[in-house]
Protein chains: 2
Amino acid sequence: MTGLTRATVSALVDDLVAGGLITEMDPPPRTGAGRPAVGLALSSAGPAGLGCEINVDYLAACVVDLTGTVRQRFVEHADQRPSGAERSLESLGRLAARARLAAEAEGLTVAGAALAVPGLVAGNGSVRVAPNLDWQDVDAPALLRAVPELADLPISVDNEANLAALGELRVSGGDPTFLYVSGEVGIGAGLVLDGRLYRGVRGWSGEIGHVTVYPDGRPCRCGARGCLEQYAGQEALAGDLPLAAASLGIALAAVVNLLDVPVIVLGGAYAPLFAELRAGISEELSRRVLTSGLADVVLRPAALGADAAMRGAADTVIRAVRDDPAAWLRR
Amino acid sequence: MTGLTRATVSALVDDLVAGGLITEMDPPPRTGAGRPAVGLALSSAGPAGLGCEINVDYLAACVVDLTGTVRQRFVEHADQRPSGAERSLESLGRLAARARLAAEAEGLTVAGAALAVPGLVAGNGSVRVAPNLDWQDVDAPALLRAVPELADLPISVDNEANLAALGELRVSGGDPTFLYVSGEVGIGAGLVLDGRLYRGVRGWSGEIGHVTVYPDGRPCRCGARGCLEQYAGQEALAGDLPLAAASLGIALAAVVNLLDVPVIVLGGAYAPLFAELRAGISEELSRRVLTSGLADVVLRPAALGADAAMRGAADTVIRAVRDDPAAWLRR
DNA sequence: TTGATTTGTTTATTGGTTGAATTATTTGCC
DNA sequence: GGCAAATAATTCAACCAATAAACAAATCAA
């Protein structure tokens, strides 16, 4: 597939095995005649990713190894709104430190950390706004690194819906292009195009909750009227489910018309309600998507549950190692 | 910038000069002391791109050289709706052949052709639907190649708004991410992300004309209700301009919320009306874009006029040569 | 046991890049 | 006018990763 010769591949694989990224499997899988091949697999003892998440009512951290297996998982339920950013991130840092130490006791090396937050994140990792946490301009990486056990780690920060979309990308059966919609208190979306998360120029993509569905409709806390969030957010969801489905369908039809996205994944609070929402969404999609006669849009519930964002965060770290293993070996 | 040594760069440049892609300039530009450098510029005598366009009321073809200069330009005004696809594409083929021959008489080598159509294009270049031409499943590349003078050319086909966006990308002062909105009989959009046109999985992105702005509004010929096209299409534009601006603003706010696009370019019929439309669009954008308090969305009229799609088409050909010059040299 | 088949390694060769030295061409200063 | 400094470009031996082809290893089937 790569066009490289067996000799070259062997040399490269030797480096990866020596660097602990790949292990040789014994006994190897077989086919027909001939000398049996040596099996190779991603190492479960090499570099690992530390995924962290802060949300309105919980803190979470996990360590995922190169194979994608969750090796450590810590969750702490507590309302974060009264704490303020500093106290919350200090608690999360301690939780993450526990996860890291437990993982390293198992022989893993944590290569880096990523943090999922329900808000807008600037390019340098600072959180511009997190409305539901009441945060503004929080330098999250610095506050996390204040915990001594994390001081040496590279830490990235991203929106929770974006990272949940990445988590879904990993477990999904290989749809390289889809929209992940996360129904929480607000509604966020993560857009994966050709296998890569599209973050937008300033990292502020995916704010589907504030797409207008009824221009003169209900007032939204953002100041506008008729935002999707007012019709399909967690509060509205408890009331009129058919309205929630129709409004979701209208907003999603806009996405499909604009981006020709063939798959939509419903996560967060939408996942358990998928059966009830599906028909209403589909109806609006088939009515309003210009190409609905040419090809269907696939609707499906998220495969990962509440851990999606945290797992996606950890995944960004190990994906970086997998995308450029030589950089890891040179470290 | 590349990290290559001068020796290596010299060797590579030698190949490009020998292949006619680059010419040495004489006299070169100067700075201070020292041996003066040899100036290098893209050759205006090398490979060129043939850009073609078919639209409701005209046919057009042009040849653009490596430097981006339009070297030949032919336009034929005539209503194409009564002709049918075969006759239209034969006429366009003859026009393109004239452009090609004239360009080759000037020493250019036409490397390929690209065709802009107002419709949905499949991956193989066939036009699935072009509503305003009343086309369905037209194998446009084959019909163009039926003209003997074009038989040897690789021909690609794309949506006109997509190609106009690419044309705009070339002349714009380097915004790598923007949405180009083309107001014609219908409304199309071309989405350029990080300097690359995003076509969607099936090539059907950019159908902003069928984004819903008023869910229970005017019926559209697509079967839905309240599509943008009914409020900001060429017919609606002649009537209520403030309504057109507001509805455009609502749809564009959705794009910005979803994609964090920092620049919106208004083309086609919108370009001459830019002054009248601007305030109405901006008002809705600042009201409905969640991040409008954090960073502005830039609105500007298209720099290229009616030639945008044709120029963008030609540009795709020369861009392919520039992106992989070695492939051209190996030919 | 033999031959076919497949996997993996060895080794000389190749081609592109590098680095250092060299040559070329200008400006600025005494 | 002559010389030093600065900058540009080329030459050439050395290096390195990948290649191709031969060879060794390990299995199955007859």
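We name chains A, B, ... by the order of the sequence lines, and we start the count at 1 in each one. Since the structure is predicted, the reported quantities are computational estimates derived from the model, not experimental observations.
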Participant: Measuring from the side chain of A:T8 (C-beta onward, heavy atoms only), which nucleotide among D:dA18, C:dG8, D:dA8 has the closest atom?
Facilitator: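 In terms of side-chain proximity for A:T8, the closest of D:dA18, C:dG8, D:dA8 is D:dA18.
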Participant: Give the intermediate values and the outcome of salt bridge (charged side-chain N to carboxylate O under 4.0 Å, His left out) for residues A:D323 and A:R319.
Facilitator: CA-CA 6 Å; A:D323 286 351; A:R319 192 171 290 268; 5.6 Å; no
Participant: The side chain of B:S10 lies closest to which of these nucleotides: C:dT7, D:dA26, D:dA9?
Facilitator: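 The nucleotide sitting nearest to the side chain is D:dA9.
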Participant: For the pair A:R71 and A:E106, evaluate salt bridge (charged side-chain N to carboxylate O under 4.0 Å, His left out) and give the outcome as yes or no after the intermediate values.
Facilitator: CA-CA 9 Å; A:R71 301 287 291 271; A:E106 281 190 336; 3.4 Å; yes
Participant: Counting heavy atoms from C-beta on, name the nucleotide in D:dA8, D:dT11, C:dT7 closest to the side chain of B:A37.
Facilitator: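 Between D:dA8, D:dT11, C:dT7, the one nearest the side chain of B:A37 would be D:dA8.
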Participant: Among D:dT19, C:dT17, C:dT27, which nucleotide sits nearest the side chain of A:L4?
Facilitator: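 The closest nucleotide is D:dT19.
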Participant: Whether B:T5 contacts C:dT18 is assessed here as follows: a side-chain N or O lying under 4.0 Å from the phosphate OP1 or OP2. Is that the case?
Facilitator: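 Indeed, a polar side-chain atom of B:T5 lies that close.
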Participant: Donor-acceptor pair under 3.5 Å: do we get one between A:R35's side chain and the base of C:dG8?
Facilitator: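 There is none.
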Participant: Identify the two heavy atoms, one from A:A161 and one from A:Y180, that lie closest to each other, and give their separation to 0.1 Å.
Facilitator: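 In this case the closest contact between A:A161 and A:Y180 is O-CD2, 3.9 Å.
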Participant: Hey, which sits more toward the 5' end of DNA chain C by its nearest nucleotide, A:G34 or B:A7?
Facilitator: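 Between the two, 5'-proximity favours A:G34.
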Participant: As a test of reading the structure: which of D:dA9, C:dG8, D:dT11 is closest to the side chain of B:R6, going by heavy atoms?
Facilitator: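 Nucleotide nearest to B:R6's side chain: D:dA9.
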Participant: Could you check A:D14 against B:L12 and say which one's nearest nucleotide on DNA chain C is further toward the 5' end?
Facilitator: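 The 5'-side residue here is A:D14.
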Participant: Testing B:L66, B:D65, B:V64 for side chain to side chain contact (heavy atoms under 4.5 Å, CB included) with B:L108, which one passes?
Facilitator: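 Per the side chain to side chain contact (heavy atoms under 4.5 Å, CB included) rule, the option paired with B:L108 is B:D65, out of B:L66, B:D65, B:V64.
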Participant: CD of A:E24 versus C1' of C:dT9: gap in Å, rounded?
Facilitator: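 In whole Å, C:dT9 C1' lies 13 Å from A:E24 CD.
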